[in-house]
Amino acid sequence: MRTTEVIDPSTGEVFTTVPSLGLAETDAAIERARIAFGEWRRVSPGDRARLLRRFATVVEEHIEELARLEVRNAGHTIGNARWEAGNVRDVLNYYAGAPERLAGRQIPVPGGIDVTFHEPLGVVGIIVPWNFPMPIAGWGFAPALAAGNTVVLKPAELTPLTAIRLGELALEAGLPENVFQVLPGRGSVVGQRFVTHPAVRKVCFTGSTEVGKSIMAGCADQVKRVTLELGGKSANIVFADADLDAAAAAAPGAVFDNAGQDCCARSRLLVQESVYDRFLALLEPAVRNFRVLDPADDSSEMGPLISSGQRAAVTSYLDGSDIAFRGTAPDAKGWWFPPTVLLARSNADRHWREEIFGPVVSVLPFRDEEEAIRLANDTEYGLSGSLWTRDVGRALRVSRAVETGALSVNSNSSVRYWTPFGGMKQSGLGRELGPDAPLSFTDVKNVFISTGD
């Protein structure tokens, strides 16, 4: 069997290998999932809930192990990695409540009664990116399993280790064999087979907009359901009346977290021109003090980029750009890159328009509320974003006007597992998380029963 080398991005060195499944092995796994679906869908809601809670408990028992694995495989800081493993636990616990609450409706009709049922789809294929391997996996498999589907999950080739371990922990927790399978391999083989195999009834993909478009086109051939969480170029809008100290202190984390490898990164910083110079003066020490250290260090705020190719791609955006100031990064082996602030000459600058997926933020002044909204919306993306103001009326007006799926006011948070998450425009299709996520893994069946009236 083909294998894939796994590299530690902190050192650039190979430290293990994993299997890379071919077409035959992928087909065999999908067939096993198809057969297992017949039994899993018949597991009573209470028993399915108990198994998911047990899965959450087993993940809890292995939080530190999973976190340490992610530090080495993905270069995430240990603090972030612990949160990510904990998020898998929390999402499993949250959706453990879904099987017993997946209720249909009784609809008044003449001549009988009419009821609806939420029927599971069957086999769900989940394709996970390398930037957040654990949480994004959980956002897919937890509600899918809760709704009665079986799952085949393809981790990213660069970061397969925590997904493989979660698959093992699922069996340890007592989930029936083949209900949740992790299939490491190339996207062109395993991921593409999720798209083309008729037994896979839904594909969940997180990744680039370009690949998402090809997956959507492929799924159309079988009228296959698809959820897409794609690229982003989110705006962080700072109005003159905002708490500038708080906004400047929070801005580095909003874009440099996970080395900027985040679709929700607030990589376009819009600052009202009357406070532009003052804000940059506050931002500079916050950037220079951002701690880029060994990700295993508890005090580290940012680790390395994922690969040499990613570092080269990020570096290309600095050519000909106005660099305002930079932070520091270790002068060591691995794919390190310092936090960087660029001054945009206009909204036509390449670094302003394109998703860099690295620790680079572009800053541009705006005159008034109308221009801020226009500049924020002048992008093909619409995933997340922030705005900072003390004016409640403005907060509501701008929140409604900005074309993005998840917006925060006086905060840079994008994700809460209790609330829906997803993008507008070319940032995606469908929503993950929140109370309604299991419904997207079901068909609504309508049943009319005549009473002979």
Side-chain angles (χ1 to χ4, degrees), residues 127-132 135-136 139 204-217 226-238 251 253-271 305-306 310 313-314 316-317 321 340-342 344-364 366 370-388 398-409 411-415 419-433:
I127 303 171
V128 177
W130 50 258
N131 61 328
F132 290 106
I136 293 175
W139 301 353
C204 298
F205 171 78
T206 301
S208 72
T209 297
E210 180 183 6
V211 175
K213 288 177 180 179
S214 69
I215 287 174
M216 187 174 181
V226 61
T227 295
L228 302 173
E229 197 271 277
L230 307 176
K233 190 68 176 175
S234 299
N236 188 358
I237 308 169
V238 181
V255 68
F256 303 144
D257 185 60
N258 200 31
Q261 300 166 133
D262 182 354
C263 298
C264 294
R266 276 73 166 161
S267 55
R268 293 185 300 147
L269 184 52
L270 284 159
V271 183
L305 292 164
I306 189 65
Q310 188 65 17
V314 174
S316 72
Y317 286 91
S321 299
T340 301
V341 177
L342 303 180
R345 302 183 186 96
S346 76
N347 63 335
D349 286 359
R350 176 174 172 244
H351 61 80
W352 179 264
R353 302 206 65 82
E354 297 181 12
E355 184 177 33
I356 298 174
F357 227 59
V360 179
V361 61
S362 306
V363 190
L364 187 68
F366 67 89
E370 181 181 359
E371 186 179 34
I373 293 167
R374 179 179 62 80
L375 290 169
N377 288 340
D378 183 25
T379 174
E380 64 188 8
Y381 299 114
L383 183 57
S384 193
S386 300
L387 64 99
W388 295 75
V398 177
S399 294
R400 295 299 301 273
V402 173
E403 298 164 348
T404 192
L407 192 69
S408 295
V409 178
S411 165
N412 292 319
S413 63
S414 294
V415 176
T419 59
F421 175 73
M424 296 179 177
K425 300 190 282 190
Q426 294 193 37
S427 282
L429 183 70
R431 292 293 181 268
E432 297 177 301
L433 301 175

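The chain is numbered in sequence order, starting from 1. Just so we're clear, the structure is a prediction, and the values are computed from it rather than from any experiment. All values below were derived from every heavy atom in this structure, side-chain atoms included, with hydrogens, water molecules and symmetry-related copies excluded.
You'll find the side chain of Ile215 reaches within 4.5 Å of the side chain of Ile127, heavy atoms only. Here the side chains of Phe421 and Glu229 are in contact, with some heavy-atom distance below 4.5 Å. Looking only at side-chain heavy atoms (C-beta outward), Thr379 and Glu403 stay at 4.5 Å or farther from each other.
Minimum heavy-atom separation, Val360 to Ser267: O-CB, 3.9 Å. In this structure, Ser399 and Leu387 approach most closely via the heavy-atom pair OG-CD2, 3.7 Å. What you find for Gly422 and Arg431 is that their closest heavy atoms are C-NH1, 3.4 Å. A pairwise comparison of heavy atoms in Asp262 and Asn131 identifies CA-ND2, 3.9 Å as the closest pair. The two residues Ser208 and Phe205 make their nearest non-hydrogen contact at O-CE2, 3.6 Å. Taking every heavy atom of both residues into account, Cys263 and Leu230 meet most closely at SG-O, 3.3 Å.
Residues satisfying the side chain to side chain donor-acceptor pair (under 3.5 Å) test with Ser384, not counting sequence neighbours, are Arg266, Ser414. Qualifying side chain to side chain donor-acceptor pair (under 3.5 Å) partners for Thr340, counting only residues two or more places apart in sequence or in other chains: Arg326. Scored by the ring-ring contact (aromatic ring centres under 6.0 Å, His included) test, Tyr317 finds no partners at all (sequence neighbours excluded). Residues forming a ring-ring contact (aromatic ring centres under 6.0 Å, His included) with Tyr381 (at least two apart in sequence, or on another chain): none. Residues satisfying the side chain to side chain donor-acceptor pair (under 3.5 Å) test with Glu432, not counting sequence neighbours, are none. Take Trp388 and apply the ring-ring contact (aromatic ring centres under 6.0 Å, His included) test, not counting sequence neighbours, and it matches no residue.
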Worked verdict on Val255 versus Asn236 for side-chain contact (heavy atoms from CB on, under 4.5 Å): CA-CA 9 Å; Val255 68; Asn236 188 358; over 6 Å; no
Given the rule in the side-chain contact (heavy atoms from CB on, under 4.5 Å) test, do Leu270 and Glu371 qualify, once you have shown the distances and angles that lead to the verdict? CA-CA 10 Å; Leu270 284 159; Glu371 186 179 34; over 6 Å; no
Evaluate the side-chain contact (heavy atoms from CB on, under 4.5 Å) criterion for residues Ser316 and Arg350: first the C-alpha distance (whole Å), next the side-chain angles of each, then the deciding distance (0.1 Å), finally the verdict. CA-CA 10 Å; Ser316 72; Arg350 176 174 172 244; 3.5 Å; yes
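The closest donor-acceptor contact from the side chain of Asn258 to the backbone of Ala265 lies at 3.5 Å or more, if one exists at all. In this structure, the side chain of Arg268 does not engage the main chain of Leu364 through any donor-acceptor pair within 3.5 Å. For the pair Lys233 (side chain) and Glu354 (backbone), a donor-acceptor distance under 3.5 Å is present. A donor-acceptor pair under 3.5 Å is absent between the side-chain atoms of Gln426 and the main chain of Lys213, judged by distance alone. At least one donor-acceptor pair closer than 3.5 Å links the side chain of Thr209 to the backbone N or O of Gly231.
Taking OG of Ser362 as the reference point, atom CG of Asn347 lies at 11.5 Å (rounded to 0.5 Å).
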